[in-house]
Amino acid sequence: MTTRPALLLVDDDAAVRDQMKCDLISDYDLLEAADRTAALSQIHQAMPPLVLLDLGLAANVNGVPEGLAILRETLQLNPLIKVIVVMDSGDRAKAVAAIQSGAYDILEKPVQLDVLKVVLQRATYLFNLEQESRAIQDKTNGSEFDGLVGSSRPMQAVFDMIRRVGTSDVPALIIGESGTGKELVARAIHRLSGRKEGPFVAINCGAIPETLLESELFGYEKGAFTGAVQQRKGTIESAQGGTLFLDEIGDMSFSLQVKLLRFLQDHKVHRLGGKNIISVDVRLLAATNVDLQEAINSGQFREDLFYRLCVITIPIPTLKERGCDITLLARTFLMKFAETQKRVLKGFTPEAIEALMAHDWPGNVRELENRVKRAVVMAEGKYVSPANLELKNPSPVDSGSTTLRGARDLHEKELVRLVLEKADGNLSKAAVELGISRPTLYQLVSRFGLRASKFPDNLEESRA
Ligand SMILES: Nc1ncnc2c1ncn2[C@@H]1O[C@H](COP(=O)(O)OP(=O)(O)OP(=O)(O)O)[C@@H](O)[C@H]1O
Ligand SMILES: [Mg+2]
């Protein structure tokens, strides 16, 4: 499911709002307001990326046009919001005032739905780009969670947990599907803790056979078993003063669980074949992608160990639940891999963005990272396409269509796409090349879901 952007309709005429709702309900989460107070309260609460504002609202008691006041106050609250102003034709002075106040675009009444839809699509695309680049900037400006990217609400909740848990010294259990970033979260907790100067030692309990895991965790003395030719410290001991991260704890055998529990009770280990008791000061973090409660019910996991481990539980959302983070992460990975591969890539095509949002991401962030890594190598042009990502193209034109009309649509779409690409997204140039007017090209772009803002660098130019 693709997340729909929120759009606030501000108009004092209820009939106009109702008409707009009918026209736009399928693509946007609509909010509405009839006056300035209601509009600003909606903006405070929902921070919609888009506002469609009737500039013709009656002037307020101080004689200031209400529409302009709403526009200015909206942008003061969040300068990234795209306010599209609707006004009577011919009022040049008002149009200039609106542009000077920061309106994203101006549409004259009667509003043409096709044009409005294209303007809204481009505004959404630009808003997302700007928001993401701001988040990337925040990150590169040295965020506290080095390497952990996310601006969605579910990830903000995770960051809040990390902040609170990080400063304490209690054990925490990180739960989430494979590839959601559990280890990164564990590292972030370590870095925020008083143990950050100490070691962070991770061990994957699922990847090591039971017999080896015991000696790996607790260490051994020379001669403890055949092959133990010299003394070796265990992982627990080597985390002295730091954090021990037990990954895939759900895969640990029942007998080892008993030994781990004993360690958690007294924080003492003794190496296999050894006599000395060694005190170890570590903070324990564990992670799992299995339902431990179910494992307890089926007798595979000890309940007492579970309660020791999960003093605090941190659930990590799946990638699909993170909405806008999908493209934020995709762009972050694109920038990273393009740099390491020395490729000049400007971003994703709008179709690729749609495909990213439509995909289910069973492998979560790891899958996204791998797809982008591959795409950076495979991309032929400056933009990554759905094919580069090995994702289905979510084309609004039915590519399986066998009708004459369907075939013509497909052909037309491909031609418009190619010419737009050649013209670097400049609509006027592309229209001349195709031998059609700009409004007709607008309509085609909208119908085929191509979006004129495919080439963000030329946005302003193509709007001119
Ligand atoms: N929020 C994030 N921001 C940036 N990179 C991330 C994020 N989450 C995960 N990654 C990257 O995704 C990959 C998988 O992350 P990680 O190994 O932490 O997941 P995991 O939940 O421990 O997976 P598994 O259950 O398979 O062990 C890593 O390369 C990691 O750097
Ligand atoms: Mg892991």
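All of these numbers come straight from a predicted model, not from anything done at the bench. Just follow the structure's listing: the first ligand is 1, and inside any ligand the first atom is 1.
Salt bridge present: Arg163 and Asp160 bring a charged side-chain N and a carboxylate O closer than 4.0 Å.
A donor atom on one side chain and an acceptor atom on the other are not found under 3.5 Å apart for Thr180 and Glu177. If you check the side chains of Ser255 and Glu210, you find a donor sitting under 3.5 Å from an acceptor.
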Could you give the side-chain donor-acceptor pairs of residues 273-282 under 3.5 Å, partners two or more places apart or in another chain?
from	atom 1	to	atom 2	distance (Å)
Asp281	OD1	Arg195	NH2	2.7

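Around the Mg ion (ligand 2), protein N, O or S atoms at less than 2.8 Å number 1.
If you look at ligand 1, the protein residues with a non-hydrogen atom under 4.0 Å away are Gly147, Leu148, Val149, Glu177, Ser178, Gly179, Thr180, Gly181, Lys182, Glu183, Leu184, Asp247, Glu248, Arg322, Leu329, Phe333, Val365, Arg366, Glu369.
Between Leu217 and the options Leu246, Leu272, Val269, a side-chain contact (heavy atoms from CB on, under 4.5 Å) holds for only Leu246.
The aromatic rings of His359 and Trp361 lie perpendicular to each other, with more than 60° between the two planes, well past the 30° mark.
When the shell of 6.0 Å around CD of Gln341 is examined, it contains more than 12 heavy atoms from other residues, nucleotides or ligands.
With sequence neighbours left out, the side chain to side chain donor-acceptor pair (under 3.5 Å) criterion links Gln300 to Ser298.
In this structure, CD on Glu367 lies 8.0 Å from CG on Asn364, to the nearest 0.5 angstrom.
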